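Within every chain, numbering begins at 1; the chains are lettered A, B, ... in the order of the sequence lines, protein sequences first and strands thereafter. Quantities reported herein were computed from a predicted structural model and do not represent experimental measurements.
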Amino acid sequence: MVESKSRLQIFNTLTRQKELFEPLNPPHVGMYVCGPTVYGDAHLGHARPAVIFDVIFRYLKFLGYQVRYVRNITDVGHLENDADEGEDKVEQKARLERLEPMEIAQYYSNRYHYNMDQLNVLRPSIEPLASGHIIEQQELVKKILSNGYAYEINGSVYFDVEKYSKNYPYGELSGRKLEEMIAFTRALEGKSEKRSPYDFALWKKAQPTHIMRWPSTWSEGFPGWHLECSAMGNKYLGEKFDIHGGGMDLIFPHHEAEIAQSMAAYGNQPVKYWLHNNMVTINGQKMGKSLGNFITLDEIFSGNHPQLEKAYSPMIIRFFILQAHYRSTLDFSNDALQAAEKALKRLIEAYHQIDKIPSSEASSINIHELRQACFDGMNDDFNSSIVLANLFEAVKMINLTLTGTETLTHDDIELLKLTFNDFLFQILGLADENPSDNSNLVNELMNLLLELRQEARDRKDWATSDRIRERLLKMGIEVKDSKDGPTWKIL
RNA sequence: GGUCUCGUGGCCGAGUGGCUAGGCACAGGUCUGCAAAACCUCGUACAGCGGUUCGAAUCCGCUCGAGACCUCCA
């Protein structure tokens, strides 16, 4: 087999270049991805990293690695801003709806899971809650304090970026220099108990109105936003693990802070490969909560949004996401989604045709080459777009073998089918949303109806023939006539 | 202001020194009682201006335009 897993190249944000993927402890791979903050419905911008890292998870497993995939749920809620009157996001919504904060978190967690299931996103190996790791986070704060990289003031603990940057490079991941940052923000600096505007909270004392709080040696409060990933990544994947992923918008300050926390606590880089997906845009602008231009997954799946011309199924969205490379922006539009819908349909239908290919003595197409091209695509920084392009080449070949223009041997047909199974379904995680594995009863009834219709057609009774077709269509069953007789499927 | 990314044919979207990804739309054709679908065929595009090179969409410089991060965000 020419399928070599040793050639997997991935783009590392830390070094800004593609690197050969070599796990720290093969065959094990540890991967951490920043999950959602559960205070709202998941939108397209959440779907992208979930799908992308799902594909990475699937591919690594396909290559034979034993992957532990950790994706957290942020249910603690963090400050809206650094101002003292900043209000906890989860709490804010809770007050609005008069629900327990944890009830809100649970509600949106459930909905997130449901949406992810719809998108055929596999559940991670571990899905830790920030609220379930308060002790671990406090331990981390203590460690950073005792190492001298944090200070306590008024019951809150802040990370001392300035001191840290004297001994370690701060800003490595995002390509920033502390002096430049401070020079720019000096004017914006308001009254704050922090020593520097770029210090960030490790532990925050809760205001009286703040409901989500935990006791600590410093105050009744809650952990800083960046802390949970450091604490939980460390707990489940160790002091240094292979892959850390998330959206590009998390590079600074979130992931930069994570690095600083781990360096300050343990003295080494927590992650070997940093992976970041680009944003989903709408009208050329980032789709995000703060801009209010997001479309939730439920809205997309139901078509219930003014910007949507129709509903788009989860697999269309998944396909749409995978048609672009993960480090490019992906622009949302109805045209693009409708194109994706048709393309996906063509792909799936061609797959079903594979069984009908007659086997020949010799092959006129090199299926091994095609299969290798798919591997090459995935190995080149998970380029799903290349994989799909190759599968579309296969679609054309399937159709040409059916018309007799091209030929395939029995073994090559099997390999072709395997390639679709491996790449389309197993690795890219797409699925046939309209499986026609209906009950025998339905099949029998349909056979009867189509038989009657055929008899009508034979005597050129078009009225009856069309009536059957139209009534079935109203019921949601599409009948199509072809040379080999009628076919039907449930829409 | 700083750091960074991007600008590809009607639309979406790969590629990144020479071998015209792919999808959708359009058009032509095949099939067909009709319908729908399906299938086949079809586009040398790479913001502009310079430069390097035998050769650039791909490297360098400048200009224009768009965006991201610097505050919560996937």
Between [X] and [Y] (side chain of the first, backbone of the second, donor and acceptor by atom type, cut-off under 3.5 Å), is there such a pair?
| X | Y | result |
| --- | --- | --- |
| A:Ser328 | A:Ala324 | no |
| A:Asn120 | A:Met315 | no |
| A:Asp380 | A:Asn383 | no |

Original post:
For RNA chain B, whose closest nucleotide is more 5', that of A:Met279 or that of A:Asn283?
Top reply: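 Looking at the nearest nucleotide for each, A:Asn283 comes out on the 5' side.
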Original post:
Want to settle it: does A:Ala339 or A:Cys34 sit nearer the 5' end of RNA chain B, counting the closest nucleotide to each?
Top reply: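 Final value for this comparison: A:Ala339.
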Output yes when at least one side-chain N/O atom of [X] is less than 4.0 Å from OP1 or OP2 of [N], else no.
| X | N | answer |
| --- | --- | --- |
| A:Asn383 | B:rG15 | yes |
| A:Lys480 | B:rU32 | no |
| A:Tyr198 | B:rU71 | yes |
| A:Arg346 | B:rC39 | yes |
| A:Lys396 | B:rC40 | no |
| A:Ser328 | B:rG13 | no |
| A:Asn390 | B:rA21 | no |

Original post:
Does the ring center of A:Phe332 lie less than 6.0 Å from the ring center of A:His43?
Top reply: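 A:Phe332 vs A:His43: aromatic centres not under 6.0 Å.
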Original post:
Is the A:His210 to A:Phe222 ring centre distance short of 6.0 Å?
Top reply: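 Centroid separation for A:His210 and A:Phe222: below 6.0 Å.
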Subject >> Of residues 451-467 of chain A, the positions that come close to RNA chain B - non-hydrogen atoms, cut-off under 4.0 Å >> reply: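 Residues of residues 451-467 of chain A under 4.0 Å from RNA chain B: A:Arg453, A:Arg457, A:Trp462, A:Ser465, A:Asp466.
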**OP:** Please determine, by modelled atom types, if A:Glu127 and A:His113 share a side-chain donor-acceptor pair under 3.5 angstrom.
**Re:**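 Judged by distance alone, the side chains do pair up.
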Subject >> A:Glu299 versus A:Gln307, side-chain donor and acceptor atoms under 3.5 Å >> reply: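 No.
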Tell me what [X] touches on the nucleic acid: a base, only sugar-phosphate, or nothing, going by heavy atoms under 4.0 Å.
| X | value |
| --- | --- |
| A:Ala389 | base |
| A:Leu400 | sugar-phosphate |
| A:Gln338 | nothing |
| A:Val280 | base |
| A:Leu330 | sugar-phosphate |
| A:Ile251 | nothing |
| A:Thr329 | sugar-phosphate |
| A:Glu470 | nothing |
| A:Gly284 | sugar-phosphate |
| A:Met248 | nothing |

Return the value, rounded to whole Å, for the distance between atom [atom1] of [X] and atom [atom2] of [N].
| X | N | atom1 | atom2 | result |
| --- | --- | --- | --- | --- |
| A:Glu256 | B:rU71 | CD | C1' | 16 Å |
| A:Tyr312 | B:rC24 | OH | P | 16 Å |
| A:Gln353 | B:rA38 | CD | C1' | 9 Å |
| A:Leu370 | B:rA21 | CG | C1' | 13 Å |
| A:Leu291 | B:rA74 | CG | C1' | 13 Å |
| A:Glu341 | B:rC24 | CD | C1' | 11 Å |
| A:Phe252 | B:rU5 | CZ | P | 17 Å |
| A:Glu172 | B:rC70 | CD | P | 19 Å |

**OP:** If the plane angle is over 60° it's perpendicular, under 30° parallel, otherwise tilted; pick one for A:Phe375 and A:Tyr59.
**Re:**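 Tilted: the ring planes of A:Phe375 and A:Tyr59 meet at 30° to 60°.
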Which nucleotide sits closest to the side chain of [X]: [options]?
| X | options | value |
| --- | --- | --- |
| A:Lys345 | B:rC69, B:rA37, B:rA21 | B:rA37 |
| A:Asp249 | B:rC39, B:rC69, B:rC12 | B:rC69 |
| A:Lys289 | B:rA36, B:rC24, B:rA74 | B:rA74 |

[N] base to [X] side chain: any donor-acceptor pair below 3.5 Å?
| X | N | result |
| --- | --- | --- |
| A:Ser385 | B:rA21 | yes |
| A:Arg469 | B:rA35 | yes |
| A:Asp481 | B:rC34 | yes |

Short N-O contact, [X] and [Y], less than 4.0 angstrom:
| X | Y | answer |
| --- | --- | --- |
| A:Arg469 | A:Glu478 | no |
| A:Arg457 | A:Asp461 | no |
| A:Arg453 | A:Asp481 | yes |

Original post:
What would the secondary structure line of RNA chain B be in dot-bracket form, counting Watson-Crick and G-U wobble pairs under 3.5 Å, with [ ] for pairs that cross earlier ones and | for pairs with another strand?
Top reply: (((((((..(((.....[...)))..((((.......)))).....(((((..]....))))))))))))....
How far, in whole Å, is [M] from [N] if one measures between their [atom1] atoms?
| N | M | atom1 | value |
| --- | --- | --- | --- |
| B:rA38 | B:rC60 | C1' | 50 Å |
| B:rU20 | B:rA14 | C1' | 13 Å |
| B:rA37 | B:rU30 | C1' | 14 Å |
| B:rC59 | B:rA74 | P | 33 Å |
| B:rC70 | B:rG13 | P | 24 Å |
| B:rC39 | B:rA25 | P | 11 Å |
| B:rA21 | B:rU58 | C1' | 15 Å |
| B:rA47 | B:rA57 | P | 9 Å |

**OP:** With A:Arg176 as the cation and A:Phe252 as the aromatic partner, state whether NZ or CZ is under 6.0 Å from the six-membered ring centre and within 45° of the axis.
**Re:**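 Positive - A:Arg176 is close enough to the ring of A:Phe252 and near enough to its axis.
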Original post:
Distance under 6.0 Å and angle within 45° of the ring axis: does A:Lys204 meet both against A:Tyr158?
Top reply: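 The answer is no; the distance or angle limit is not met.
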Original post:
Can you name the side-chain hydrogen bond (donor to acceptor under 3.5 Å, both in side chains) partners of A:Asp298, sequence neighbours left out?
Top reply: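 Listed in chain order: A:Arg111, A:Asn115.
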